[in-house]
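Report on the following structure.
Counting from 1, the numbers follow the sequence of the chain as shown.
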Amino acid sequence: MLTTFTLLLAAGVGCRLALSLALSRYSDRSLEIPQTLAVILIVLACLPSWASPLALPVPLSFVLGAVLPDLLTRRA
């Protein structure tokens, strides 16, 4: 049985994949997020609501799924 964390992680990866495929098919562009922005998004998702300077209404696992390819691969 899959936990909520893994299901949200899979949903983030699926949304990222669908958006990447749509961008590459219709406009010949690729979706790339700078590593510093990816880390900032993960830190904002980890902060509690009272300490966050900016409200990020998505769970940490979804954010990890969406930005993990940018953290794992290095583009030159």
Side-chain angles (χ1 to χ4, degrees):
M1 188 118 193
L2 296 173
T3 62
T4 306
F5 185 84
T6 56
L7 290 174
L8 283 171
L9 186 76
V13 169
C15 286
R16 167 70 184 251
L17 180 63
L19 186 59
S20 294
L21 287 174
L23 277 175
S24 67
R25 178 173 288 169
Y26 294 118
S27 64
D28 293 329
R29 295 180 186 232
S30 63
L31 180 64
E32 297 176 4
I33 299 173
Q35 288 186 348
T36 55
L37 181 62
V39 170
I40 288 171
L41 287 173
I42 291 172
V43 167
L44 280 176
C46 289
L47 287 176
S49 62
W50 58 270
S52 178
L54 180 69
L56 189 63
V58 292
L60 173 65
S61 55
F62 189 85
V63 172
L64 276 176
V67 300
L68 198 60
D70 290 317
L71 292 175
L72 294 179
T73 59
R74 178 173 291 204
R75 294 178 181 96

Problem set entry | Verdict with reasoning, D70 to R16, per side-chain contact (heavy atoms from CB on, under 4.5 Å) | CA-CA 11 Å; D70 290 317; R16 167 70 184 251; 2.8 Å; yes
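- The closest side-chain heavy-atom distance from L8 to L60 is not below 4.5 Å.
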Exercise. Are V13 and L68 close enough, and set up right, to give a side-chain contact (heavy atoms from CB on, under 4.5 Å), and what steps lead you there?
Worked result: CA-CA 8 Å; V13 169; L68 198 60; 5.8 Å; no
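- For the residue pair C15 and F62, the shortest heavy atom distance occurs at SG-CZ, 3.9 Å.
- The hydrophobic cluster containing V67 also contains I40, counting ILVMFWY residues as joined when their side-chain heavy atoms lie under 4.5 angstrom apart, directly or transitively.
- By the criterion of side-chain heavy atoms lying less than 4.5 angstrom apart, applied directly or through intervening Ile, Leu, Val, Met, Phe, Trp or Tyr residues, L54 is grouped together with L56 in one hydrophobic cluster.
- Placement of L17 and L71 in two distinct hydrophobic clusters is found when ILVMFWY residues are connected by side-chain heavy-atom separations under 4.5 Å, directly or transitively.
- In the hydrophobic clustering of ILVMFWY residues, with side-chain heavy atoms under 4.5 Å counting as a link, V43 and V58 come out together.
- Within the 4.5 Å cutoff, no side-chain heavy atoms of P69 are placed close to those of L31.
- Minimum interatomic distance between T6 and T3 (heavy atoms only, all atoms of both residues): OG1-O, 2.9 Å.
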Problem set entry | C46 vs I42, side-chain contact (heavy atoms from CB on, under 4.5 Å): CA-CA, chis, key distance, verdict | CA-CA 6 Å; C46 289; I42 291 172; 4.3 Å; yes
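- Under the 4.5 Å side-chain heavy-atom criterion for Ile, Leu, Val, Met, Phe, Trp and Tyr, L19 and L21 are members of distinct hydrophobic clusters.
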For this session: Please step through side-chain contact (heavy atoms from CB on, under 4.5 Å) for the pair V63 and L44, ending with a clear verdict.
Result: CA-CA 10 Å; V63 172; L44 280 176; over 6 Å; no
